[in-house]
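Here the structure is laid out as structure tokens; the discussion comes afterwards.
All values below come from the heavy atoms of this structure, side chains included, with hydrogens, waters and symmetry mates left out. Nothing fancy with the numbering, it's 1 onward along the sequence. Predicted model only: the values in this text are computed from it and were never measured.
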Amino acid sequence: MTRLSSRYGLALVTLLSLSALARVAWIHDARGPDVCRSPEAIKATSLIPGTIALGERLEALDADTFQWSEGELANPLSPRSPMQFQIVRSYDAPRLYGNPMRIGERTGPNAHEELASAGSRPDRMQPEDLRVRELAVDGDRVPVHVAWDHTQAPHGPSRLVAWMFVYENRPVRSPLLGQLAGAAPLVVGGPRPLTLVTISAVAPRSTSDQAENAAMAWLADAWRYIARSCAP
């Protein structure tokens, strides 16, 4: 048992050390190449079926800015409460994966204004159901994080936030682990952009399964669009 613990301890120290070195590269703006063939595609997210883009950031991606597109799509269970989406790309990956649920909660025409500080604020949601679903999309396995807040039920609606990460042109369950696995190249070549895709919705608890399936269908279409845009 002692030998096993020591081995894991050494691995943990190694990963933390590499993570620290990668963070130094981020601080000094040693950015790596953007491996997405068409990163500007985030400006045309209305091409995702059923999607209405309401805002976007057009500046080129660099260490001090992030690209984003936000908007809505029809909520089949509540026509007056459309689902809200956000797609955000940034070289500052910890800002995105540090609190994706909070970012996913930012809804409305000015949601992007709070993206930069979202990771530093506490969650308003109190998820009772937090899990990962794996979608099969055209031969790809796409991990999707799902959070449900039912604290307003039975009189109020339940709230859903679901999100996925895309790193190095592939969907990943944990971008932190992906970066740690390639931390040494990051130190030399600089960080790569991370893409966060979120969708949020409200629905009666009795229809939460249908709402979640609708969100999963949109995320699958969003991944198809991103994969097609970024492929070499």
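- Side chains of C36 and P193 form no contact here, defined as non-hydrogen atoms less than 4.5 Å apart.
- Between V172 and V166 the shortest side-chain heavy-atom distance does not fall below 4.5 Å.
- In summary, of the residues considered (I226, I87, I52), a side chain to side chain contact (heavy atoms under 4.5 Å, CB included) with T45 occurs for I87 alone.
- Not one N or O on the side chain of D140 forms a donor-acceptor pair closer than 3.5 Å with the backbone of V142.
- In plain terms, the two heavy atoms of A211 and L77 that are nearest each other are N-CD1, 3.4 Å.
- Here CZ of R133 is found 13.5 Å from CE of M164. Values are rounded to the nearest 0.5 Å.
- Pairing each heavy atom of A53 with each of F85, the nearest pair is CA-CZ, 4.3 Å.
- Taking OG from S46 and CG from L54, the interatomic distance works out to 8.0 Å, rounded to the nearest 0.5 Å.
- Counting non-hydrogen atoms of other residues, nucleotides and ligands closer than 6.0 Å to CZ of R224 gives a total above 12.
- By the 4.0 Å N-to-carboxylate-O rule, D34 lies close enough to R89 to be salt-bridged with it.
- Within the model, atoms OG1 of T207 and CD of E212 stand 11.5 Å from one another, a figure rounded to the nearest 0.5 Å.
- Judged purely by atom type and a 3.5 angstrom limit, R141 has no side-chain atom pairing as donor or acceptor with the backbone of P171.
- Between F165 and T195, every side-chain heavy-atom pair lies at or beyond the 4.5 Å cut-off.
- Of the residues listed (Y225, W218, W163), the one engaging V197 in a side chain to side chain contact (heavy atoms under 4.5 Å, CB included) is W218, and it is the only one.
- Annotation: ring-ring contact (aromatic ring centres under 6.0 Å, His included) contacts of W223 (sequence neighbours excluded): none.
- One finds the CD1 atom of I48 at 7.5 Å from the OG atom of S69 (value rounded to the nearest 0.5 Å).
- Side-chain contact between V144 and M216 is present, with at least one heavy-atom pair separated by less than 4.5 Å.
- Distance check: Q86 CD to E72 CD gives 12.5 Å after rounding to the nearest 0.5 Å.
- N75 places no side-chain N or O within donor-acceptor distance of the main-chain N or O of M83, the cut-off being under 3.5 Å.
- Linking ILVMFWY side-chain heavy atoms closer than 4.5 Å, directly or via other members, places V132 and L194 in two distinct hydrophobic clusters.
- Remark: H150 engages W148 in a ring-ring contact (aromatic ring centres under 6.0 Å, His included) (not counting sequence neighbours).
- Between the CD atom in Q84 and the CD1 atom in I199 there is a gap of 9.0 Å [rounded to 0.5 Å].
- Using a 4.5 Å cut-off between side-chain heavy atoms of Ile, Leu, Val, Met, Phe, Trp and Tyr, with links allowed through other members, L130 and V161 fall into the same hydrophobic cluster.
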